[in-house]
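Take a look at the structure set out below.
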Amino acid sequence: MSDAKKILVTSALPYANGPLHLGHLAGAYLPADIYVRYLRLLGKDVVYICGSDEHGAAITMRAKKEGISPQDIIDKYHNLNKGTFEKLGISFDYYHRTSAQLHHETAQDFFKTLDAKGGQFEKKTTEQYYDEKFDQFLADRYIKGECPKCQHPEAYGDQCENCGSTLSPTELVNPQSTLSGSKPILKSTTHWYFKLNEHEEWLREWIQKGTIDGQPHHNAKAWKKHVVGQCLSWVDGGLLPRAITRDLDWGIKVPVDGADGKVLYVWFDAPIGYISSTKQWAKENGKNWEEYWKGDDVELVHFIGKDNIVFHCIVFPAMLKAHGDYALPVNVPANQFLNFEGQKFSKSRNWGIEQHEYLEEFKDFANKEDALRYALIRNLPENRDSDFKWDEFVEFYDKELADNLGNFINRVIVLTNKYYDGQVPACSFGEIQLDLNEKLAEIKTLVSNLTNSIEAYQFKPAIQTLMELSSWGNTYLQDVSPWKIFKIEPDSEVIKECMFISLQIVGLLSILSEPFIPFTAPKLRGLLNLDNTQNGDLTTVLEKLDNGQAIIESGHQIGKPEILFAKIHDRKDSTRLDIINRQKAKLETILEKEKAKERPA
């Protein structure tokens with residue numbers, strides 16, 4: 001962890017043209033939330049920024065499809081997605097929207113600054129696809145055709161969602177307008193292009209070595225291999241000037257003469273949304289937004305999915321450097337894709353589950369938020385694509401949250417209440433005070449492994465280490481078996497030592513679990529009769545651990561036992577299992593219908 005005084009963390013701005021599914025959550029939002037919550041516990045000055053991306057052809061396409069205005073679309077899905085994030089505990093400091101006037105002004109000012117510098121833009125007249133029936137130029141997303149790379153029949157003009165290749169509309173085989181269904185014609189139009197090619201040399205150095213003009217900027221070895229590989233593939237292939245305007249009537253108007261009917265391309269305007277969102281947060285909280293974007297004491301981290309790597313590691317950094325005042329990201333820990341039961345999420349097939357659907361369909365499932373967070377973290381696509389499965393959801397919940405973590409905590413709380421009326425026992429051997437450094441050496445190693453994993457953006461190993469900590473406690477408790485000793489010698493120092501150390505582990509779990517399962521962590525703190533965590537609490541706890549001091553002092557009165565995780569497989573209560581089985585039945589119905597269509601008549 002660097003000594004940066006200001007840390008700005010962003011998650012990719014989701015398009016406000018539809019609801020978000022679990023793959024989105026696992027890609028850019030849950031990992032960032034874990035990281036930010038951890039930084040807050042360390043007492044870092046961190047701001048977590050996001051917002052709705054509300055421009056571009058995808059919005060207007062959805063509006064045309066539903067027969068309503070683009071404004072109606074973005075209002076609907078901005079509110080839905082923002083509310084869903086809140087319910088799942090994604091703790092943004094600010095969730096803005098790119099339709100806001102402040103963002104329009106910020107994006108236009110950014111464009112004008114680059115334009116005034118000279119040498120960053122060029123105007124070019126090219127031929128682009130035009131729909132004669134609708135009498136308009138077609139944005140990339142209004143064109144479909146066969147992908148030249150993988151032959152997928154429904155690739156868009158900017159990207160093939162089957163193989164992930166970035167495309168231009170003229171590369172498509174047999175292009176069709178999504179508006180009229182007819183074959184578009186090529187027609188001349190003039191646009192502004194950002195000279196990305198002129199940034200090639202420094203970008204290669206920055207990505208490969210982590211330096212700018214030979215000066216250290218970040219640890220290049222800390223970047224994920226697939227991120228660096230994709231970036232260098234682009235750079236080595238030769239960067240080209242990139243169009244940053246479009247012929248659309250929905251978006252941010254290009255703020256120069258001669259640009260009537262043109263708006264800023266969504267991939268120029270959207271990342272600037274991080275800046276405008278920070279501005280709005282600062283305005284409402286009495287802060288100076290520039291302190292989080294400019295200067296040597298700033299650390300910028302982008303959390304995204306792998307389909308956004310090029311824009312966040314090449315295009316946006318080039319824009320920031322061209323502007324001249326902004327800090328560049330020190331890391332872009334992009335995740336790969338999450339699949340669903342062996343297949344890609346598909347809205348048209350209804351294959352998968354959206355975030356708001358999960359919350360509704362699991363409304364009677366206690367701990368539904370942390371159950372989902374935990375299952376996703378355990379299967380995060382950090383370095384390769386992964387797969388969400390309901391059977392694994394059940395296994396993670398029952399065997400790890402309930403049988404491991406929940407069981408250990410419950411045993412410790414129950415035994416402490418039974419043996420010492422809920423008071424943390426004093427622990428000593430005659431005149432010699434218990435040496436916590438020696439007793440908790442293995443625990444300190446596990447805690448160090450956990451924090452190191454989070455700081456390396458490896459959240460799946462981090463949560464596994466959290467469970468190792470709980471497993472250590474379970475094994476230790478079982479090895480000592482204080483319930484056996486209690487029958488013979490109720491006042492045994494061995495029991496006191498065992499319960500004292502076990503309570504220290506539960507105390508650690510109550511704070512270390514907060515970034516991962518933030519709905520359960522306060523309940524655990526309540527069982528220990530401890531206040532909810534505050535910014536900086538983890539730093540205090542780690543210092544105590546290093547100095548051999550108790551996390552929970554002798555004499556502290558804890559609370560009464562309470563079950564944190566009622567198992568899904570419960571012989572007395574099938575309600576939670578019934579919810580899971582309904583999800584599995586939905587998928588079986590989809591597959592049966594698809595098989596029926598394939599059978600010959």
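Quick note: numbers below take in every heavy atom, side chains included, and nothing from hydrogens, waters or symmetry partners. Counting from 1, the numbers follow the sequence of the chain as shown.
- In this view, Glu341 satisfies the side chain to side chain donor-acceptor pair (under 3.5 Å) rule with no residue, not counting sequence neighbours.
- In this structure, Trp289 CH2 and Thr106 OG1 are separated by 7.5 Å, a value rounded to the nearest 0.5 Å.
- In this structure, Lys195 does not pair ionically with Glu122, as no charged nitrogen and carboxylate oxygen lie closer than 4.0 Å.
- For Glu299 (side chain) and Val330 (main-chain N/O), no donor-acceptor pair under 3.5 Å exists by modelled atom type.
- Shown here are the salt bridge (charged side-chain N to carboxylate O under 4.0 Å, His left out) partners of Lys82, two or more places apart in sequence or in another chain: Glu86.
- No more than 12 heavy-atom neighbours from other residues, nucleotides or ligands sit within 6.0 angstrom of NZ on Lys287.
- Applying the side chain to side chain donor-acceptor pair (under 3.5 Å) criterion to Glu105, with sequence neighbours excluded, gives Gln101.
- Salt-bridge annotation for Arg62 and Glu66: present, with a side-chain N of the basic residue lying under 4.0 Å from a carboxylate O of the acidic one.
- Aromatic ring centroids of Tyr457 and Tyr35 lie under 6.0 Å apart.
- Judged as a side chain to side chain donor-acceptor pair (under 3.5 Å), and not counting sequence neighbours, the contacts of Tyr292 are Asp45.
- Remark: Asp249 CG is loosely packed, at most 12 non-hydrogen atoms of other residues, nucleotides or ligands lying under 6.0 Å away.
- Here the rule is side chain to side chain contact (heavy atoms under 4.5 Å, CB included) with Trp250, and of Val266, Ile74, Val263 only Ile74 fits it.
- Take His323 and apply the ring-ring contact (aromatic ring centres under 6.0 Å, His included) test, not counting sequence neighbours, and it matches Phe110, Tyr326.
- A donor-acceptor pair under 3.5 Å links the side-chain atoms of Lys344 to the main chain of Asn162, judged by distance alone.
- Classified by interplanar angle (parallel below 30°, tilted 30° to 60°, perpendicular above 60°), the ring pair Phe362/Trp390 is parallel.
- At distances below 3.5 Å, at least one donor-acceptor pair connects side-chain atoms of Asp370 with backbone N or O atoms of Phe519.
- Residues passing the side chain to side chain donor-acceptor pair (under 3.5 Å) test with Asp385 are Lys306, sequence neighbours excluded.
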Stepwise ring pair (Phe, Tyr, Trp, His ring centres under 6.0 Å) test for Tyr274 and His312: CA-CA 11 Å; Tyr274 299 136; His312 286 79; 5.8 Å; yes

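- The neighbour count for Lys283 NZ, taken as heavy atoms of other residues, nucleotides or ligands under 6.0 Å away, does not exceed 12.
- Judged by distance alone, with hydrogens and angles left aside, the side-chain atoms of Ser386 form a donor-acceptor pair with the main-chain N or O of Asn379 at under 3.5 Å.
- Salt bridge status for Asp115 with Lys112: absent, with no side-chain N to carboxylate O gap under 4.0 Å.
- No donor-acceptor distance shorter than 3.5 angstrom exists from the side chain of Asp131 to the backbone of Ser177, with no hydrogens or angles considered.
- In terms of the salt bridge (charged side-chain N to carboxylate O under 4.0 Å, His left out) criterion, residue partners of Arg378 (sequence neighbours excluded) are, by chain and number, Glu400.
- Side-chain atoms of Glu382 come within 3.5 Å of backbone N or O of Lys460 as a donor-acceptor pair.
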Test side-chain contact (heavy atoms from CB on, under 4.5 Å) applied to Phe345 and Glu354, step by step: CA-CA 9 Å; Phe345 283 86; Glu354 290 162 353; over 6 Å; no

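- Ring planes of Phe111 and Trp192: perpendicular class, angle over 60° (limits at 30 and 60°).
- Residues meeting the side-chain contact (heavy atoms from CB on, under 4.5 Å) test with Lys144, sequence neighbours left out: Glu154, Tyr156, Thr178.
- The ring-ring contact (aromatic ring centres under 6.0 Å, His included) test applied to Phe194 returns His199, not counting sequence neighbours.
- Sorted pairs that involve residues 10-29 and meet salt bridge (charged side-chain N to carboxylate O under 4.0 Å, His left out), not counting sequence neighbours, are lacking altogether.
- For the pair Ser11 (side chain) and Ala28 (backbone), a donor-acceptor distance under 3.5 Å is present.
- In this model, a donor atom of one side chain and an acceptor atom of the other lie less than 3.5 Å apart for Glu284 and Tyr94.
- Minimum interatomic distance between Leu114 and Ala322 (heavy atoms only, all atoms of both residues): CD2-C, 3.6 Å.
- For Asn335 and Lys224, the side-chain atoms include at least one donor-acceptor pair closer than 3.5 Å.
- Ring-plane geometry between Phe316 and Trp293 is classed as perpendicular, the angle between the planes exceeding 60 degrees on a 0 to 90 degree scale with a lower cut at 30.
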Test log, rule side-chain contact (heavy atoms from CB on, under 4.5 Å), inputs Gln128 and Asp247: CA-CA 10 Å; Gln128 293 189 5; Asp247 292 294; 4.3 Å; yes

Pair Arg37-Asp33, salt bridge (charged side-chain N to carboxylate O under 4.0 Å, His left out): steps then yes or no: CA-CA 6 Å; Arg37 286 178 178 274; Asp33 185 65; 2.8 Å; yes

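- In this pair, Trp223 and His218 present their aromatic rings parallel. The plane angle is below 30°, not in the 30 to 60° band.
- With sequence neighbours left out, the ring-ring contact (aromatic ring centres under 6.0 Å, His included) criterion links Tyr77 to no other residue.
- Proximity of a side-chain donor or acceptor of Gln336 to a complementary backbone N or O of Asn383 within less than 3.5 Å is detected.
- Shown here are the ring-ring contact (aromatic ring centres under 6.0 Å, His included) partners of Tyr48, two or more places apart in sequence or in another chain: Phe92.
- Listed for the Tyr358 side chain is a donor-acceptor partner under 3.5 Å among the backbone atoms of Lys368.
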Cys313 and Val227: CA distance, side-chain angles, deciding distance, side-chain contact (heavy atoms from CB on, under 4.5 Å) verdict: CA-CA 8 Å; Cys313 298; Val227 174; 3.8 Å; yes

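- Between Arg246 and the options Asp158, Asp140, Asp269, a salt bridge (charged side-chain N to carboxylate O under 4.0 Å, His left out) holds for only Asp140.
- With 3.5 Å as the limit, one finds no donor-acceptor pair spanning the side chains of His96 and Ser277.
- A donor atom on one side chain and an acceptor atom on the other are not found under 3.5 Å apart for Lys262 and Thr190.
- A donor-acceptor pair under 3.5 Å is absent between the side-chain atoms of Glu54 and the main chain of Ala16, judged by distance alone.
- At a threshold of 4.0 Å, the pair Glu357-Lys586 does not count as salt-bridged, since none of the basic side-chain nitrogens sits closer than that to a carboxylate oxygen.
- Counting non-hydrogen atoms of neighbouring residues, nucleotides and ligands closer than 6.0 angstrom, the NZ atom of Lys87 reaches no more than 12 such neighbours.
- Using modelled atom types and a 3.5 Å distance limit, the side chains of His191 and Thr245 yield a donor-acceptor pair.
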